[in-house]
Undergrad: 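Structure incoming, see below.
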Amino acid sequence: MTFEIKHRDAMGRIGILNINGKKIETPTIMPVIHPNPKKQIVSMDLINKLADVIITNSYITYKTKHLREIAEEKGIHKLIGFDKVIVTDSGSFQLGVYGDVEVEPMEIIEFQERIGVDVGTILDIPTPPDVDRERAEKELEETLKRAKASIELKEERGFKLLLNGTVQGSTYLDLRQKSAKEMAKLGFDIYPIGAVVPLMEQYRYRDVAEIIINSKMYLPTNKPVHLFGCGHPMFFALAVALGCDLFDSAAYALYAKDDRYLTERGTLHLEEIKDLKAFPCSCPVCSSYTPKELASLNKKERERLLAEHNLYVTFEEINRIKQAIRDGSLWELVEERVRCHPKLLEAYRVVRKYIDYIEKFDPVTKKSAFFYTGIESMFRPEVLRHKKRLKRLRYEKVYITTVSSSIEKPYHEHLNVVETDVDILIKDPVFGFIPYYIDTVYPLSQHEIPELFDYEKEINKRFVDEFIDWLKKKIGEDNILDIMTYNYYINYFSANKKINADALRIRKMLQYQYGFDIIDDELMNKIKVVRSKTTGRLRQVLDENGEILFSVRSNDNLLIPSEKGAKLLWKKIPFPKYRVVVNKEAEEFAREGRNVFAKFVIDCDEELRPYEEVLVVNEDDELLAYGTTILNGIELREFNYGLAVKVRGGLK
Ligand code: GUN
């Protein structure tokens, strides 16, 4: 099995999962299929059209004589009528519901192998929420024992099937962490997070969110995570943003049995909508029937059509999430979805507690602008990161000021031009401060914020005060001047000496992007900054010979180095910062400007974030290439498959 990240946003990723030569794009949903074709209400033709992977139950197959015979003789793919990837559950769900199953843990592993499933599941114990700690611990020990035995059996017998190692631990977050750590050591292929169904049924989304995060923190980043038993599309966006890659849905069929109609915003009863002229959906079912027509059909037909609709909307939401990941607007989609139920909003609000961890995975640049949708946006990783990176700038003398909310961004294009070597920090109600000289860099001019209420502004105030205290310690109180409102006197107040404002802008932008002073005083006098003749915007940074050092990328204003720029970065940034270290095998490829794959990476700056501009070096820190990292510092070490650095150029 291989798993590779193609696009990402928040902790969500679009991945390519290759199982037995069959490719699945994640995130995705696995429809739950009944192994008995007579009990399967949606046709396998439709399942084949929509799904690349399904999940069925090996325990029911094992216990039902005629199903077992077909599965053992012809294999699970023939029994189900599905050639693509088949995952099976082990009977754990039945164990959770009935308290017992009539199969031994190793027997069900052997059976799953025998019938040719692609991914089998251990017979884990789904401990319910809120049980006493003793029980949760005891059952977790048993799950871990079975997990170890299952892996040993697979290895000893050379089984082909891949295995799901389910994380348990009830609602004890430390037990979830322990479970994730221990499961990770055993080396499973996929990590489901188990026993969340009762929590989902009780709308305890906050508990589910905390369980996901506390598990994710200790699971390997290079393996897919499956949220077991979560089939309602309303929760997908948040779960994906927290790092879940796979979902399964029995909900599409179960809800249809009770005449329930799924939407990405919640569930409607057919009775509630039967007087509508048309369904609020354009799937093939909803565009062929009016609610009244559907309601008048016999029970069996109605159930089938509702299940089909439920399946269409479930996949539709997955596709919407994928598009949001590509656009860099997954948080915006999450913020939209969590407003569909206060309990979902509560779950989203808990994310704030873990934002330091989540920020490590959130890309440093996004295609779309940061949209503020409510007070929770204040705690998003983009905001947190900016507040941390503000401390990367070198300050000597600072003016703190505000500008009228009617002034457009980037500020420096709409305010009186300033030519000063003083740092002007413009107060911002969300981002704390926007330094005048870096005001074009993502997300400082790529955001939309509505008029805020005072209590929202208050949240920012604590940071502002803390930052000013930090600044006072750094440069002394005398070097900080609060000039209230931005005005043309800034020029008057400023140092008299003539400065190269654009060169200073580039210097500050590089400090912000890399945390080091790349353009020193000497270089300041040599570089030439080119602005576009048509738009007046920053375009390029040239050295004294007129050769390009950096290009300014138009959408986010990040500085993209040329070969010369990369050499300069390498000279100015100490090892291992901004480095991705590759082994000897990859050296020549990198020098030729070919992409760097994760399996060649032996070390890196662990603080790297996705989509940062990095230096590719060998173990002796010789510069080989430069490019954009797809993975963060944790993933670069853990992934052994797929693209790691998209190389822009190599050094021969
Ligand atoms: N289906 C829903 N929840 C679970 C779980 O915790 N374990 C297994 N194996 N299957 C499930």
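Below, each value reflects all heavy atoms present in this structure, side chains not excepted, and no hydrogens, waters or symmetry copies. Whatever order the structure lists them in is the order used to number ligands and atoms, beginning at 1.
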Undergrad: Both conditions, 6.0 Å and 45 degrees, for the charged tip of Arg8 above the ring of Phe361: are they met here?
TA: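 Arg8 over Phe361 ring: no.
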
Undergrad: Which side chain to side chain donor-acceptor pair (under 3.5 Å) pairs, counting each pair once, include a residue from residues 156-167, with sequence neighbours left out?
TA: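 As it turns out, the side chain to side chain donor-acceptor pair (under 3.5 Å) pairs with a partner in residues 156-167, which skip direct neighbours, are Glu110-Arg157, Thr121-Asn164, Asp124-Thr166.
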
Undergrad: Start with the C-alpha distance between Glu335 and Tyr348, add both sets of side-chain angles, then the distance that settles side-chain hydrogen bond (donor to acceptor under 3.5 Å, both in side chains), and finish with yes or no.
TA: CA-CA 8 Å; Glu335 292 183 345; Tyr348 182 49; 2.6 Å; yes

Undergrad: Give the table of side-chain donor-acceptor pairs shorter than 3.5 Å for residues 98-109, with sequence neighbours excluded, one pair per line with atom names and distance.
TA:
| unit_1 | atom_1 | unit_2 | atom_2 | d |
| --- | --- | --- | --- | --- |
| Glu102 | OE1 | Lys63 | NZ | 3.1 |
| Glu107 | OE1 | Glu104 | N | 3.0 |
| Glu107 | OE2 | Tyr62 | OH | 2.1 |

Undergrad: What orientation do Tyr191 and Phe188 show, parallel under 30°, tilted 30 to 60°, or perpendicular over 60°?
TA: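 Rings of Tyr191 and Phe188: perpendicular, over 60°.
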
Undergrad: Show the distances, to 0.1 Å, for all pairs joining an N/O atom of ligand 1 and a protein N/O atom that are shorter than 3.5 Å, listing one pair per line.
TA:
| unit_1 | atom_1 | unit_2 | atom_2 | d |
| --- | --- | --- | --- | --- |
| ligand 1 | 6 (O) | Gln168 | NE2 | 3.0 |
| ligand 1 | 6 (O) | Ala195 | N | 2.7 |
| ligand 1 | 7 (N) | Asp124 | OD2 | 2.8 |
| ligand 1 | 9 (N) | Asp89 | OD1 | 2.9 |
| ligand 1 | 9 (N) | Ser92 | OG | 3.4 |
| ligand 1 | 9 (N) | Asp124 | OD1 | 2.8 |
| ligand 1 | 9 (N) | Asp124 | OD2 | 3.4 |
| ligand 1 | 10 (N) | Asp89 | OD1 | 3.4 |
| ligand 1 | 10 (N) | Asp89 | OD2 | 2.6 |

Undergrad: side-chain hydrogen bond (donor to acceptor under 3.5 Å, both in side chains) with Asp245: which residues, sequence neighbours excluded?
TA: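 With neighbours one apart ignored, the set is Arg13.
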
